[in-house]
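Here's the structure we're looking at; comments come further down.
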Number of protein chains: 2
Amino acid sequence: MPDTPRPRQPAEQISELTTARLSLYLRCLEAMDAEGIRTVSSLGLADHCNLNAALVRKDLAYFGEFGVRGVGYFVKHLKRHLKMILGLDRHQQVVILGAGNLGFALADYPGFRAEGFNVVAMLDTDEAKVGTRSKSGVVVCHMRDLEQIVARDHIDIGVLAVPHGAAQAVIDQVIATGVRAILNFARGTLRVPPHVKLKSVDLSVSLESLSYFLAQSGDPNG
Amino acid sequence: MPDTPRPRQPAEQISELTTARLSLYLRCLEAMDAEGIRTVSSLGLADHCNLNAALVRKDLAYFGEFGVRGVGYFVKHLKRHLKMILGLDRHQQVVILGAGNLGFALADYPGFRAEGFNVVAMLDTDEAKVGTRSKSGVVVCHMRDLEQIVARDHIDIGVLAVPHGAAQAVIDQVIATGVRAILNFARGTLRVPPHVKLKSVDLSVSLESLSYFLAQSGDPNG
DNA sequence: CTCTGTGAACCACTTCACAGCA
DNA sequence: TGCTGTGAAGTGGTTCACAGAG
């Protein structure tokens, strides 16, 4: 291991594209560490992620000089630093809004727990669902207890899995309790104040981009 | 309505960013049409989607001159054309690989049916699940029937919702049956041949980008 | 006068290429 | 020699600004 890891607070604003790749690098490093690999070059990481080696070096260099010239990066060392950079060195507390099919699926999604996210509860307005639990044990609470749960469990992130008609109303409630980061699965555009980070995953848009591809490429089934 | 809609096959390759925005525009137009709005300007669409008006005009102009100077775009007319461009004028046949929590959630996701996607079946290797149905009636079949189902139902799109350890093996099987478009929810990098379009949605990466935001902005809960 | 369609300017991200350290 | 870190070049996407149609 290098003597002095020199982590650095990045001077400029880091692009979302870069931070998304940091997650990919971390995924690779975890796999490599599990296989007992000690060091990896930028080219090694790049190939694994289908990226350019210079891009990998640039991404990492924003945060410090983690590499050793002539050698590469120490897997354990870099892994630890990426976790810190991504805020994964502590458990992020997550609440899921909406206890429908998607809410339950997300509550039990193994990837979340593996990366250090702690799903505290699902919230719903349907009294019949309140008190039930997902397979992995996440409990459904009533939406009216939102504020209390956010305060009690120090919720960091809200995951919006409600029908799109209810989305704006629910997100407004969540923001009012002080949550500043929201992952949204509802369709359509949501309005949030500037201090709140909203990340939307639109499943229909993703499918439609595949549909476009098929339509353009002269779909033989078409 | 304009006399002659002049749809156009785009000369250059269209960026994925553009096609994703076409889906957003379509979503807006559907809402507007439902409200009885007849025409909309590029600025109107742009505001609705938090975009720039020139960008909207550029995106649309790739595919033809749909607008009328001094007026804007006719909602019904543009909606119809966007659907054609995105391949939504016919029902895309979808099969879901993996009948876990996520598979069931996707099978019942109302957005898919609304946009013209037809979820034919879920496939799984777990004999105990075979024959069961989702709430909306999508049936679970055995993975060994994959080839037969793809042929019988003219499957266009495969949705991969299996644990990430099984993902590469399953996607290889699906591609072997001739499916050319796949929406992937498994973590990690998958290899596909060049004629296949793979779109990956990585939920962990999305959450981690929020985690990064909180870590950088001096999380008060941190 | 309004609003589209589009060349030109601008900006951001990626890749190249190489100096410099182990 | 091998590989990082980084300025410079290249690429692609967005915004500006305006000519021109209705």
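Order of the sequence lines fixes the chain letters, A, B, ..., with proteins taken first and strands second; residue numbering starts at 1 for each chain. Because the structure is a prediction, the values reported are computed rather than measured.
- With sequence neighbours left out, the side chain to side chain donor-acceptor pair (under 3.5 Å) criterion links A/Lys199 to A/Glu16.
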Contact state string [nucleotides 7-15 of chain D, B base, S sugar-phosphate only, - no protein heavy atom under 4.0 Å]: BB----SSB
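- Between B/Glu12 atom CD and C/dT6 atom P there is a gap of 11 Å when expressed in whole angstrom units.
- For B/Tyr109, the ring-ring contact (aromatic ring centres under 6.0 Å, His included) partners are B/Phe112, not counting sequence neighbours.
- Nearest to the side chain of A/Tyr73, among D/dG22, C/dT4, D/dT4, sits D/dT4.
- The separation between B/Arg69 atom CZ and C/dT4 atom C1' is 5 Å, rounded to whole Å.
- B/Pro110 is not listed as a side-chain neighbour of A/His164, based on a closest heavy-atom distance of 4.5 Å or more.
- When B/Leu88, B/Leu86, B/Leu82 are each tested for a side chain to side chain contact (heavy atoms under 4.5 Å, CB included) with B/Ser23, only one passes: B/Leu86.
- Rounded to an integer number of Å, the gap from B/Phe63 CZ to C/dG5 P is 13 Å.
- When rounded to the nearest whole Å, the span between CZ of A/Phe66 and P of C/dA22 equals 18 Å.
- Within residues 33-45 of chain A, the residues approaching DNA chain D are A/Ser41, A/Ser42, by heavy-atom distance under 4.0 Å.
- The aromatic rings of A/Phe66 and A/His81 sit tilted relative to each other, their planes meeting at an angle between 30° and 60°.
- Under a cut-off of 6.0 angstrom, the local environment of CZ in A/Arg113 is crowded, with over 12 non-hydrogen atoms contributed by other residues, nucleotides or ligands.
- The distance between atom CG of B/Leu60 and atom P of C/dC3, rounded to the nearest whole Å, is 16 Å.
- Atom-to-atom, CZ of A/Phe74 to P of D/dT4 comes out at 12 Å; the value is rounded to the nearest Å.
- The distance from atom CG of A/Asn50 to atom C1' of C/dT14 is 15 Å, rounded to the nearest whole Å.
- Scanning atom types as modelled, one donor and one acceptor separated by under 3.5 angstrom connect the side chain of A/Arg57 and the base of D/dG5.
- Residues B/Gln93 and B/Asp153 have side chains that never bring a donor and an acceptor to within less than 3.5 angstrom of each other.
- Of the residues in residues 194-203 of chain A, none lies under 4.0 Å from DNA chain C by heavy-atom distance.
- Using a 4.0 Å cut-off between charged side-chain N and carboxylate O, A/Lys83 and A/Asp89 make no salt bridge.
- Contacts of A/Glu115 classified as salt bridge (Lys or Arg N to Asp or Glu O under 4.0 Å), with partners at least two apart in sequence or in another chain: A/Arg27, B/Arg187.
- In this structure, B/Asp156 pairs ionically with B/Arg90, as a charged nitrogen and a carboxylate oxygen lie closer than 4.0 Å.
- Rounding to the nearest 0.5 Å gives a distance of 9.5 Å between CG of B/Leu183 and CD1 of B/Ile96.
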